[in-house]
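See below for the structure under consideration.
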Amino acid sequence: MAIYAISDLHLSFANPKPMDVFSPVWVNHAEKVARNWDSLVTDDDIVLMPGDLSWAMRLSEARPDLKFVRERRGRKVLTRGNHDYWWQRRATPRIQQNYAPNMFFLQGTSAVIGDVGITGTRGWRLEKWMTDANVDPKDEILRDVAQSEKILRRELNYLENGLKSIPESVKMKIAMLHFPPFDERLQPNEFSELLQRYSVDVVVYGHVHLGNGNWLSGDVNGIQHFMVSADIVDFVPQLILP
């Protein structure tokens with residue numbers, strides 16, 4: 001059983017939204033993903049997908065995108081991204097029921113496959129402008145900051161609940177986050193602290209794209225980090241565990 005990961009597929013089969021407006025590397029990207037995936041992954045493998053699967057706004061619109069993933073080999077484990085509006089948090093059990101048994105939708109929960117425990121959530125981070133000391137305290141923008149802090153607390157709770165639900169008997173703990181577990185300056189944030197506290201072995205994340213933001217890969221404070229945004233990994237699922 002090998003474990004792969006890829007995120008940010010940004011599919012849009014129901015209502016096409018071409019990604020090549022952002023960069024020519026996205027031309028025919030769904031075909032690239034399918035070709036690379038099908039040449040690497042077997043039915044016994046796991047593919048981690050930390051967010052931004054679909055541009056769809058409703059679950060009905062996302063079904064062709066979910067069908068694309070369902071038809072790929074392996075057992076897929078998914079978490080939400082900031083653009084996954086089709087995936088309402090409270091609808092997670094219903095979505096899971098419809099797409100079992102080879103797709104797992106994590107929301108403050110975990111999955112144990114073999115001797116590997118996997119959990120994840122969307123994550124969040126306060127962008128630099130939100131913590132700028134020069135922001136006027138009377139500015140209406142602070143209402144956005146308050147809302148963002150509320151989301152941050154909620155996502156931290158989801159991650160901790162998921163980590164708590166992984167049995168100690170597993171040999172490896174993997175956390176999936178859509179947002180990176182550090183700030184724009186690549187400094188660890190509260191998600192990173194949680195990962196350390198619960199002795200996570202591997203974290204996979206996305207959100208960042210070519211020419212838009214920084215990322216870290218490799219060993220960071222004893223945790224293996226994998227950036228797996230589709231365009232950054234050339235639309236090839238990345239091998240996490242042989």
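The figures that follow rest on heavy atoms only: side chains count, while hydrogens, waters and symmetry mates do not.
- Separating the CG atom in Asn15 from the CH2 atom in Trp55 is a distance of 13.0 Å, to the nearest 0.5 Å.
- A cation-pi arrangement, defined by a distance under 6.0 Å to the six-membered ring centre and an angle within 45 degrees of its axis, is absent between Arg185 and Phe182.
- For the atom pair CD of Gln107 and OG1 of Thr119, the computed distance is 9.5 Å after rounding to the nearest 0.5 Å.
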List the steps, then state whether ring-ring contact (aromatic ring centres under 6.0 Å, His included) holds for Trp26 with Phe235. CA-CA 9 Å; Trp26 287 94; Phe235 308 98; 5.1 Å; yes
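- Minimum heavy-atom separation, Ala14 to Glu61: CB-O, 3.2 Å.
- Under the side-chain contact (heavy atoms from CB on, under 4.5 Å) rule, Met176 has a single partner from Val228, Val202, Ile118, which is Ile118.
- Residues that satisfy the salt bridge (charged side-chain N to carboxylate O under 4.0 Å, His left out) test with Arg70, not counting sequence neighbours, are absent from this structure.
- Across Leu177, Val200, Thr79, a single residue satisfies side-chain contact (heavy atoms from CB on, under 4.5 Å) together with Leu159, and that is Leu177.
- Applying the ring-ring contact (aromatic ring centres under 6.0 Å, His included) rule to pairs touching residues 156-176 yields nothing, sequence neighbours excluded.
- To the nearest 0.5 Å, atoms CZ (Arg125) and CG (Asn82) are separated by 10.5 Å.
- In this structure, Asp84 CG and His10 NE2 are separated by 8.5 Å, a value rounded to the nearest 0.5 Å.
- A donor-acceptor contact shorter than 3.5 Å links the side chain of Asp201 to the backbone of Lys173.
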Please lay out, stage by stage, how Asp8 and Asp231 fare under the test side-chain contact (heavy atoms from CB on, under 4.5 Å). CA-CA 8 Å; Asp8 295 82; Asp231 55 329; 5.6 Å; no
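- Judged by distance alone, the side chain of Glu190 and the main-chain N or O of Leu156 form no donor-acceptor pair under 3.5 Å.
- The line from CZ of Arg35 to CD of Glu31 is 8.0 Å long, rounded to the nearest 0.5 Å.
- To the nearest 0.5 Å, atoms CZ (Arg63) and CG (Leu59) are separated by 5.0 Å.
- For the pair Asp20 (side chain) and Ser23 (backbone), a donor-acceptor distance under 3.5 Å is absent.
- Clustering ILVMFWY residues whenever any of their side-chain heavy atoms sit less than 4.5 angstrom apart, transitively, puts Met103 in a cluster other than the one holding Met1.
- The side-chain heavy atoms of Leu11 and His29, taken from C-beta on, include a pair separated by under 4.5 Å.
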